Amino acid sequence: MNAILLRGGTVLDGTGAPGGTADVLVRGTTVERVGPALAAPEGATVVDVTGRYVLPGLIDVHSHDDVAVLRAGGTEPKVRQGVTTEIVGNCGHGCAPSAPDGYLAGYSAPVLGAFPDTCWPTFPDYLDEIAAAGRDLHVAALVPHGPLRTAVLGPRRRPATSAEMPRIAGLLDDALAAGAAGLSVGLMYAPGNAATRDELHALGRVLARHGKPLVAHLRSEGDAIEESLAEVVDVARGTGCPLHVSHLKVVSPRNAGRMPALLDILDAHRADGVDVTADAYPYPAGSTTVSALFPAWTVDRGVAGLLDALRAPDTRRRVLAELRRPWPDLENNFLALGPERIRLTGFARPELDGHTLAELAGDADPAECLADLVLAERAGLSVILFQSDERDLRAALSWPWTMIGSDGLPVAGGAVHPRLYGTFPRVLARYAGRLPGLSFAQAVHRMTGLPARRFGLTGRGTLVPGAAADVTILDPERLADTATFDDPRRFPTGVTGTLLDGRPGSDRTGQLLRVPRRAH
Ligand SMILES: [Zn+2]
């Protein structure tokens, strides 16, 4: 069995304990010993890591690499950050179960990248394909709510009937039994935003039986964020399932400063027995599909419906009028942010890419301009929304139950949000050690031990004897994210190596991490 001795580094073991100088002996696929001055077994490869930090492999709990993990080289932006495990299937977006006629792909391609619409009749089929692909990372998968309910309701955004709800719950049960890590809902997005309380509770009961979390992109992260949080807390309380809030943030300038009050609410729920955690990415801008800027009804039949609505004069007038006034339940980001804070990316014509809507519109009306661009690009655009306040971001990162998730959108072209390339080094280099509750060791814990425990990745996330030998090695002097909003596709510096199940570089083979049923 091959052995590797990492000699003389500063080991941060992922538990949140402060680092100390130690050697790490890896034998085969596992960590055999961690301690001072370990003897090298015969034939071991000895690597001097003096001056380096040695951590458990980083876990990206909020990945949209659902399709990228199947492609050779598709996860390089994560590998280069020191990530060894990703949790895909977030925000209710996903590619399985497949739906016909591009219904899912049309809506979710600006989030996941392009994908075929016939490959995976069931979610377990998709899990099998990840297992067979064996790419550069380990993968755990949440069941995305959108495709799951589409498999039962067809390509329509509408509430499920009482006869349909048990069928959706049954598909969830099958997927969790096959090893899915939980369920993600995107209550801001079509078609998941048509789900009623009854549907969410039916799904919560299945999650509770499996001891796996409801992972929620809240219905509103703006004016109605407290009500939206209450909606998913109600599911957790009513069913007993664990709850995880995705990309914890507060959006729109007029809501700046609300995060500390939201954290007080979360703390009160925890004190009251609700098992709630969160993830966050370290940037005050977000990114999503352009369709999410439009009223929910426009995508009742998917993006084909949105394009029809923008083409016909009557419905186009109605859409533009709604863009210019607040909406009762969802946040109207177009109105709340204004055209200067919305950047558009993913254009077929590169000269348009990465500009703000204000720049693209010039003297024209921004809503008219947006409608024309969406028609011209067949809704295939992503948006970067400069929507949050740096102080709220810092508060979210300071909360002890906030894990780190990139939320990176692995789309092929254009000026993507730099979080795809920079999230983990950015947290460690710019925030760790500078915020209350976020020492360097705690930041590492929020990327390793905490998410492994939360999502049932047993035997990973800590560097202790017997753990899987997923290891990330950093040079703290050189560690920096270099991706920016103007030049986002830049790899970080200072991530000097990783081991995946004890194997370096091109030797690596990622696994599908099937999560067993858990006591909760
Ligand atoms: Zn989301």
Side-chain angles (χ1 to χ4, degrees), residues 60-68 86-95 104 107-113 141-149 157 181-195 200 213-222 224-225 228-229 231-232 235 243-252 259 262 276-294 296 299 329-331 333 336-337 342 345 381-388 392-393 396 402-411 416-420 423 451 455:
D60 184 356
V61 297
H62 195 112
S63 166
H64 289 293
D65 285 350
D66 302 45
V67 189
E86 300 198 82
I87 299 177
V88 301
N90 277 283
C91 299
H93 283 283
C95 54
L104 294 176
Y107 193 80
S108 294
V111 174
L112 306 178
L142 302 166
V143 190
H145 183 219
L148 199 71
R149 72 196 303 274
R157 194 193 72 91
L183 171 74
S184 83
V185 292
L187 296 175
M188 186 184 107
Y189 296 115
N193 56 17
L200 295 176
L214 174 69
V215 176
H217 179 144
L218 302 179
R219 202 175 285 274
S220 166
E221 297 173 325
I225 189 167
S228 298
L229 177 63
E231 177 183 25
V232 291
V235 179
L243 174 64
H244 181 88
V245 179
S246 294
H247 40 60
L248 181 61
K249 62 180 177 290
V250 183
V251 306
S252 134
M259 182 56 73
L262 200 70
V276 56
T277 55
D279 61 65
Y281 52 80
Y283 299 85
S287 186
T288 188
T289 165
V290 76
S291 317
L293 293 182
F294 290 88
V299 280
D329 52 353
L330 298 173
E331 185 75 8
N333 279 314
L337 301 179
I342 299 173
T345 80
L381 299 171
S382 307
V383 288
I384 299 175
L385 306 172
F386 292 83
Q387 59 191 8
S388 295
D392 284 331
L393 164 60
T402 299
M403 301 162 208
I404 306 304
S406 73
D407 204 1
L409 309 185
V411 290
V416 291
H417 190 303
R419 66 195 184 188
L420 176 65
T423 287
F455 291 97

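Since the model is a prediction, treat every value here as computed from it, not as a measurement. When a ligand or atom number is given, it counts from 1 through the structure's own listing order.
Taking distances strictly below 2.8 Å, the protein N/O/S atoms close to the Zn ion (ligand 1) are C91 SG, H217 ND1, H247 NE2.
No donor-acceptor distance shorter than 3.5 angstrom exists from the side chain of D66 to the backbone of C95, with no hydrogens or angles considered. Using modelled atom types, one side-chain atom of S287 and one backbone atom of V383 make a donor-acceptor pair closer than 3.5 Å.
With a 6.0 Å cutoff to the six-membered ring centre and a 45° limit on the axis angle, R419 counts as a cation-pi contact of Y281.
Side-chain polar atoms of H64 and N90 form no donor-acceptor pair below 3.5 angstrom.
Every residue meeting the side chain to side chain contact (heavy atoms under 4.5 Å, CB included) condition with S108, not counting sequence neighbours, appears here in chain and number order: H93, L112, F115.
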> Could you walk me through whether E221 and E331 pass the side chain to side chain contact (heavy atoms under 4.5 Å, CB included) check?
Replying inline: CA-CA 7 Å; E221 297 173 325; E331 185 75 8; over 6 Å; no
